[in-house]
Amino acid sequence: MKKGDHLFLVDGSGFIFRAFHALPPLTRKSDGLPVGAVSGFCNMLWKLLTEARDTSVGVTPTHLAVIFDYSSKTFRKDLYDAYKANRSAPPEELIPQFGLIRQATRAFNLPCIETEGFEADDIIATYARQAEALGADVTIVSSDKDLMQLVTDNVHMYDSMKDKQIGIPDVIEKWGVPPEKMIDLQAMTGDSVDNVPGIPGIGPKTAATLLAEYGDLDTLLERATEIKQEKRRQTIIENADKARLSRELVKLRTDVPLELAVADLILEAQDGPKLIGFLKAMQFTSLTRRVAEACECDAGAIDAVDVPVEWGANAHGPDLDVAEPAPVAGGTPEVVGDAVSVPAKVNGSAAPEGSFTPSDFAKSRADAFASLPFDHSRYVTIRDVATLDKWIADARETGVIGFDTETTSLDAMQAELVGFSMAIADNAKSPTGVNIRAVYVPLGHKTGVGDLLGGGMAENQIAMRDALPRLKALLEDQSVLKVAQNLKYDYLLMKRYGVETKNFDDTMLISYVLDAGTGAHGMDPLSEKFLNHKPIAYKDVAGSGKSNISFDLVDIDRATHYAAEDADVTLRLWMVLKPRLAAEKLTTVYERLERPLLPVLAHMEERGITVDRQILSRLSGELAQGAARLEDEIYQLAGERFNIGSPKQLGDILFGKMGLAGGSKTKTGQWSTSASVLEDLAAAGLELPRKIVDWRQLTKLKSTYTDALPGYVHPQTKRVHTSYSLASTTTGRLSSSEPNLQNIPVRTAEGRKIRTAFISTPGHKLISADYSQIELRVLAHVAEIPQLTQAFADGIDIHAMTASEMFGVPVEGMPSEVRRRAKAINFGIIYGISAFGLANQLSIERSEAGDYIKRYFERFPGIRDYMDSTKQQARDKGYVETIFGRRINYPEIRSSNPSVRAFNERAAINAPIQGSAADVIRRAMIKMEPALAEAGLSERVRMLLQVHDELIFEVEDEDVDKAMPIIVSVMENATMPALEMRVPLKVDARAATNWDEAH
DNA sequence: GTCCGACCGTA
DNA sequence: TTACGGTCGGACG
């Protein structure tokens, strides 16, 4: 090494943390391995190596080394036991990345330096002084103030994030003292992050003033008695020893024994294939491309190398010795092929000052975005391909976009694409660390006025045939994370355009995982809640009601404001919400139960199911006839014509005009005419109430099912495509709408006829597979009830067993009424039983119902324990959990209103049971398509519907025998390997040409 | 046109 | 006694 050489010393540990903070949190490889910091590190390093000449450094290095901390056990710990004592463990997802980053450094063909017992800063100091002595120039790539003491005329620092060189004047400007006095300054001010004590009450300003006056720390301490301010004089005298200790702690050593001599840190040429092999293994597609271009390699010809990953305590990064393993909540750790993660409790303890925890990060994000204004004037409309390409390139560069589509319909199966918007977050120098910009790309807007053909295309739009391939490439690019709100809609829409979106997040689903039970998860409420911003309402753009226009007729400028804002809001919500998943230990729920279900449901919706319109039409006629006959008879009995469908009019007839007794009132004071009231009257021998009940049944079936379903048959596919909502129940169940296929009648013979209209296509069968008693099995599992567990293990009738336990009646020859009561009690337990509710259900006295409950708890004390502890948890923490760690919040559980409180308690008891069952079938659904594919049955066995504990498939005739055992096995083993239940799950499956016979 | 309550279909 | 969505009537504007 000689004069004219230039040594770059990269502060690797500092780089890691900067990369981690600067990038979107939780960037992961497709197998779940977090690689965000690795990605940031590689990008920064590549930039440094290729662009050093163009940056403010202005030179190209001849020598370069990347320096890391070895561990936190250094000589400083011997000097001062509390050194860095209040630093917390690094974020969980950073742990496996420490090792990867060292491997990355070697892949870049760079020396990777660390020495036991010393910090990176000491190694840097030693090399810097050695190089300086040999006449070389030094650039320390870091912005850490601890390194500023090293700055001289020949040694500079370089802040790569801000592209700013730091020399002697910069240190003076920032700290008020020249670099050589930085040690004394830091000794006085201390450092809360590293737990360097310093002198209490002395900050950088005071320290600089004192140093200017007294020259250095020793002189100051000698002449401390001269200080005029009494308080300051006293603390300095009292803390003189602390200051001297602190000086030893902050002073960097320049005598670290080094394996590699400074002259050997020669910057070698890049080994292109070696680097590309590593980058490919990390799935950094855009950097791979840039590196391949730069070294003229064919990236396609190079295989990804095997990269060993150290996941847990074996990975050594700074301060791992203080890392505690995360506590396990319930169940065993989730292990599905790759990563190990653990559903765990929130770490409620306050983070020490200056440390960086996932919670701190989430909180800082929340604070930053709560008041970041929206500037609509910055939204841009893209009207040419070149600009679109530029934005897509930027998206690849930043790796994450907010995304939204604009269409002609709320129904994703019918909607046509009108345009799309995207938002990009640049890591700009804004207070939030990000700068978000957004665009709208109109594709199918029409002119409102219209020519003879009824409205032509608006001008200056990119042609669909040009835009679609680009959009497809972007949405299918694994290296770009697409963030959307309610992505299932956009996913399904785009799938119909031949695009299968990959690598995505859904802010609605993240909110649902984090805050189920605390409100809606739509974009507008989330925006108001987290961004303090009310987005432009759809109806303000497209109108509402009769004056509503289709989005393709909306003026493009107005559309840009609306659409770009949606992408902007979505990306901001992601910035706020995504870090909370890690902070609140809900990443596993989101990644295993929520996000992967989205494409599964989209595929089910896209497939739809055939309904036979002729059957429905025939049924409709029969129902109309039956209802008409009953109407005549009802008018006869009532002595007048009235609207039977009006509970108000009916109540007046029954309890007013006819003066019947036994009526009850609804909460609004109206006479109740519910089925149970009418049944009671019918049981007393009255004809009219019976006929009304029958009439209601027929008209219900007709209006809700036989008349409504044909309207949902898709004009092209000729099938019915329901829409599943992933985020509208509190417990984790799905809901189905337009049409709701989760409430197709089954209990009565009349109702079941509707199921015969749900048919398989010719050459196929429908298979219905349903869990037997899944909620009671979950209850037996969570409450650990020996009798229930045994009964399920033995496969005996659970309600009969309950009755036998409670009433001492043998199962053999048990009267059906006894079993019926036990069954009602079992359901009552699941629903968070009350004597009032059970009495209502069984039409018995409340005291008798109370006796039943008492007896039940005597026979099954574990159930009462479970119910009590669940209520207690809900009260203490405000939420309860399912067996897979899904959290359901009950913010009103401590209401002062007793009926509100009681309601919340019952719901809190029910939620873990209903929600765990929902988690189980979700897992089955997620595993189903891969399991069928493995058996060679892809698209030959197609999952169509889910009805809470039942899955319906459409299967080619010859595959039925092969498919059935696979379906049953996936469902029965759905909890494995994450969790083995104490009771077996049982699934019944049947095949037939219609849903009624298959069920 | 829009909202809400009553009612009833499912698990 | 839990969790949903759809239809209707009726009141509001």
Side-chain angles (χ1 to χ4, degrees), chain A residues 516-517 539 543-548 642-651 665-678 692-693 696-705 707-709 711-712 722-725 728-748 750-752 754-755 770-776 779 824-842 846 849-850 852-853 856 867 880 888 902-915 917-918 921 945-950 999:
Chain A
K539 65 177 193 313
S544 64
K546 201 156 55 173
S547 57
N548 149 290
F642 66 103
N643 189 342
I644 308 169
S646 163
K648 184 172 145 54
Q649 293 182 31
L650 179 60
K665 297 284 183 74
T666 67
K667 63 181 168 189
T668 55
Q670 295 270 325
W671 288 110
S672 169
T673 65
S674 69
S676 70
V677 170
L678 298 179
I692 290 167
V693 169
R696 281 218 183 124
Q697 191 198 14
L698 300 188
T699 53
K700 171 88 176 180
L701 294 175
K702 182 169 185 290
S703 65
T704 307
Y705 303 103
D707 288 353
L709 281 171
Y712 288 103
T722 184
S723 175
Y724 288 104
S725 171
S728 54
T729 72
T730 47
T731 54
R733 274 193 179 179
L734 304 178
S735 75
S736 157
S737 63
E738 295 179 68
N740 181 354
L741 296 186
Q742 291 180 323
N743 71 343
I744 303 302
V746 71
R747 288 177 190 180
T748 64
E750 276 299 306
R752 267 199 302 278
I754 292 171
R755 291 202 170 206
D770 68 304
Y771 284 106
S772 163
Q773 306 285 10
I774 187 168
E775 292 192 349
L776 280 174
L779 176 67
I825 294 168
N826 276 333
F827 277 98
I829 293 295
I830 290 169
Y831 297 153
I833 202 156
S834 76
F836 180 83
L838 184 63
N840 250 349
Q841 180 68 27
L842 287 176
R846 206 184 313 183
Y852 284 176
I853 294 169
Y856 186 95
M867 292 173 76
V880 294
I888 300 117
F903 174 75
N904 275 272
E905 287 174 355
R906 291 194 297 272
I909 289 167
N910 172 254
I913 303 169
Q914 187 184 119
I921 198 166
L945 302 178
Q946 189 249 44
V947 192
H948 308 308
D949 65 0
E950 174 187 15
H999 184 74

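Keep in mind the model is a prediction, meaning the values are calculated, not measured. Just the heavy atoms: all of them, side chains too, but no hydrogens, waters or symmetry mates, feed the values below. To find a chain, count down the sequence lines: A is the first, B the second, and so on, and within it residues start at 1.
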**Prompt:** Partners of R846(A) by salt bridge (charged side-chain N to carboxylate O under 4.0 Å, His left out), sequence neighbours excluded?
**Reply:** none
**Message:** For a 4.0 angstrom threshold against heavy atoms of chain A, report the outermost contacting nucleotides of DNA chain C in 5' to 3' order.
**Reply:** dT1(C) to dA11(C)
**Request:** Mind listing the residues from residues 905-912 of chain A sitting with a heavy atom below 4.0 Å of DNA chain C? Number order is fine.
**Result:** R906(A), A907(A), N910(A)
**Request:** Kindly write out the residues that satisfy side chain to side chain donor-acceptor pair (under 3.5 Å) with S725(A), not counting sequence neighbours, or none if the list is empty.
**Result:** S728(A)
**Request:** Answer with base, sugar-phosphate or nothing: what part of the nucleic acid does T730(A) contact at a heavy-atom distance below 4.0 Å?
**Result:** sugar-phosphate
**Fill in**
Applying side chain to side chain donor-acceptor pair (under 3.5 Å) to Y712(A) and not counting sequence neighbours gives none
**Complete:** Expected string for nucleotides 6-11 of chain B under the B/S/- scheme (protein heavy atoms, under 4.0 Å, primed atoms plus P, OP1, OP2 as sugar-phosphate) is SSBBBB
**Prompt:** Looking for any heavy atom pair under 4.0 Å, which part of the strands does F827(A) touch: base, sugar-phosphate only, or nothing?
**Reply:** nothing
**Prompt:** Among all residues two or more places apart in sequence or in another chain, which pass the side chain to side chain donor-acceptor pair (under 3.5 Å) test with Q841(A)?
**Reply:** none
**Message:** Any base atoms under 4.0 Å from F903(A), or only sugar-phosphate, or nothing? Heavy atoms, all strands.
**Reply:** sugar-phosphate
**Request:** Could I get the full list of salt bridge (charged side-chain N to carboxylate O under 4.0 Å, His left out) partners for K700(A), not counting sequence neighbours?
**Result:** none
**Message:** Given N826(A), which partner from the list I833(A), L776(A), L779(A) fulfils the side chain to side chain contact (heavy atoms under 4.5 Å, CB included) test?
**Reply:** L776(A)
**Message:** According to salt bridge (charged side-chain N to carboxylate O under 4.0 Å, His left out), does anything in residues 903-913 of chain A pair up with another residue at least two apart or in another chain? List the pairs.
**Reply:** R875(A)-E905(A)
**Asked** Contact class for G645(A) vs. all strands (heavy atom < 4.0 Å): base, sugar-phosphate, or nothing?
**Response** sugar-phosphate
**Complete:** Those residues at least two apart in sequence (or on a different chain) that pass side chain to side chain donor-acceptor pair (under 3.5 Å) with S737(A) are none
**Request:** Tell me what L838(A) touches on the nucleic acid: a base, only sugar-phosphate, or nothing, going by heavy atoms under 4.0 Å.
**Result:** base
**Item:** Partner residues of D770(A) under the salt bridge (charged side-chain N to carboxylate O under 4.0 Å, His left out) criterion, sequence neighbours left out
**Value:** none
**Item:** Residues forming a salt bridge (charged side-chain N to carboxylate O under 4.0 Å, His left out) with E750(A), sequence neighbours excluded
**Value:** K753(A)
